[in-house]
Amino acid sequence: KKPGFEYAVNALSLSAFVEVLRGVGFRAVTTKQSAQIAESMKLLRHAERFVEQNYMRPVSLEEMADYCNFSKYYFSHYFKKVTGVSFFYYLTVYRLERAMGLMKSTNHSMTEISYQCGFGSTRSFNRLFKKHFGVTPTEFRDQWNISLFYTKNNVKCYGSKLKNAI
């Protein structure tokens, strides 16, 4: 896992919790509202666990919903309500983050990485990576290697195209 991954997962959970509280307000929480908050947190924990264990293969909404004991329609609606993003967006970002970690830590080809992270094709992986990070996976790896070289050799590097990705 990428350094800080646990913090990112906790941040997502806390963000969802804050959104739930915004919905009910920061006044005294009723028993019903408390149950809704608990249900939201349970859904997030289940979804996070499922994604961690299954991101490397094709995942259907039905399978995810079954894992959480919801209908696919309710799960889809509720997940977006709680997190602010669709389940597939969440899964895609998780896969992209894992792919980025593999690019930093291995010499695997982009094809290997794309399939290891659950992307159906290298083409879709490249398209989604560029859309999310603003550079292609190959450009990212090249920039990462350059950045790593400069860091190891104590040389300052300015003007990276990767913004905050590295």
Side-chain angles (χ1 to χ4, degrees), residues 1-23 34-141 143-145 148 162-166:
K1 291 181 183 177
K2 185 176 173 182
F5 171 77
E6 290 81 13
Y7 296 116
V9 170
N10 287 337
L12 176 63
S13 297
L14 289 173
S15 174
F17 180 70
V18 167
E19 289 302 316
V20 170
L21 284 178
R22 284 183 181 151
S34 178
Q36 290 172 336
I37 292 169
E39 184 179 2
S40 297
M41 298 308 289
K42 181 180 175 186
L43 170 73
L44 287 176
R45 282 192 302 276
H46 278 350
E48 290 165 356
R49 188 176 316 117
F50 182 86
V51 168
E52 285 176 12
Q53 295 170 353
N54 296 285
Y55 72 91
M56 69 292 294
R57 64 178 187 77
V59 174
S60 70
L61 187 60
E62 292 85 0
E63 184 181 10
M64 180 67 232
D66 285 346
Y67 182 81
C68 293
N69 296 315
F70 291 123
S71 75
K72 69 179 184 179
Y73 303 106
Y74 182 76
F75 172 80
S76 179
H77 172 76
Y78 197 70
F79 188 88
K80 182 155 187 168
K81 180 180 174 185
V82 170
T83 64
V85 298
S86 72
F87 170 71
F88 284 111
Y89 180 82
Y90 174 79
L91 176 62
T92 299
V93 170
Y94 185 89
R95 287 173 169 165
L96 290 171
E97 293 286 336
R98 296 294 296 188
M100 184 183 283
L102 288 172
M103 283 184 259
K104 290 177 179 180
S105 64
T106 71
N107 288 322
H108 297 308
S109 72
M110 293 305 164
T111 301
E112 288 176 286
I113 290 173
S114 69
Y115 286 111
Q116 285 177 8
C117 293
F119 292 95
S121 71
T122 304
R123 184 178 177 187
S124 66
F125 169 63
N126 288 336
R127 181 180 47 80
L128 291 165
F129 194 95
K130 182 164 185 165
K131 182 178 179 182
H132 190 74
F133 294 113
V135 294
T136 67
T138 302
E139 290 170 334
F140 171 80
R141 182 177 264 171
Q143 287 290 323
W144 172 254
N145 289 336
L148 204 56
L162 295 177
K163 304 169 196 149
N164 297 324
I166 296 177

Item to complete: Measure the CG-OH distance between Leu44 and Tyr78 for me, rounded to the nearest 0.5 Å.
Response: 8.5 Å
Item to complete: With rounding to the nearest 0.5 Å, note down the distance linking CD in Glu97 to OG1 in Thr92.
Response: 12.0 Å
Worksheet item: Using a distance-only test with no angle check, is there a side-chain donor-acceptor pair under 3.5 angstrom linking Arg123 and Asn126?
Response: no
Worksheet item: Do you know the tightest heavy-atom contact between Met64 and Ala47?
Response: CE-CA, 3.3 Å
Fill in: Spatial distance of atom OH (Tyr94) from atom CD (Glu52) [nearest 0.5 Å]
4.5 Å
Worksheet entry | Where Glu112 and His108 come nearest, the two heavy atoms and their spacing | OE1-CA, 3.6 Å
Worksheet item: Is the distance between the ring centroids of Phe79 and Tyr90 less than 6.0 Å?
Response: yes
Item to complete: For His132 and Leu96, work out which heavy atoms get closest and say how close.
Response: CB-CD1, 3.7 Å
Item to complete: Describe, in one word, how the ring planes of Phe119 and Phe125 are oriented to each other, choosing from parallel (under 30°), tilted (30 to 60°) and perpendicular (over 60°).
Response: tilted
Item to complete: Evaluate the criterion side chain to side chain contact (heavy atoms under 4.5 Å, CB included) for residue pair Tyr67 and Gln53; output intermediate values, then yes/no.
Response: CA-CA 12 Å; Tyr67 182 81; Gln53 295 170 353; 4.2 Å; yes
Worksheet entry | Reported CG-to-CZ distance for the pair Leu102 and Arg141, which is rounded to 0.5 angstrom | 8.5 Å
Item to complete: Please assess Phe129 against Met103 for the test side chain to side chain contact (heavy atoms under 4.5 Å, CB included), listing each intermediate value before the final yes or no.
Response: CA-CA 12 Å; Phe129 194 95; Met103 283 184 259; 3.2 Å; yes
Discussion item. Just verifying a value: how many Å separate Ile113 CD1 and Arg95 CZ, rounded to the nearest 0.5 Å?
Written reply: 15.0 Å
Worksheet item: Do you know the tightest heavy-atom contact between Phe87 and Val51?
Response: CE1-CG2, 3.7 Å
Worksheet entry | Minimum-distance pair of heavy atoms, taken over all atoms of Ser60 and Phe88 | C-CZ, 4.2 Å
Worksheet item: Rounded to the nearest 0.5 Å, how far apart are OG1 of Thr83 and OH of Tyr89?
Response: 10.5 Å
Discussion item. Please find the pair of heavy atoms, one from Leu61 and one from Phe75, that lie closest to each other, and give the distance.
Written reply: CD1-CD2, 3.6 Å
Fill in: Under 3.5 Å: donor-acceptor pair, side chain of Ser76, backbone of Lys72
no
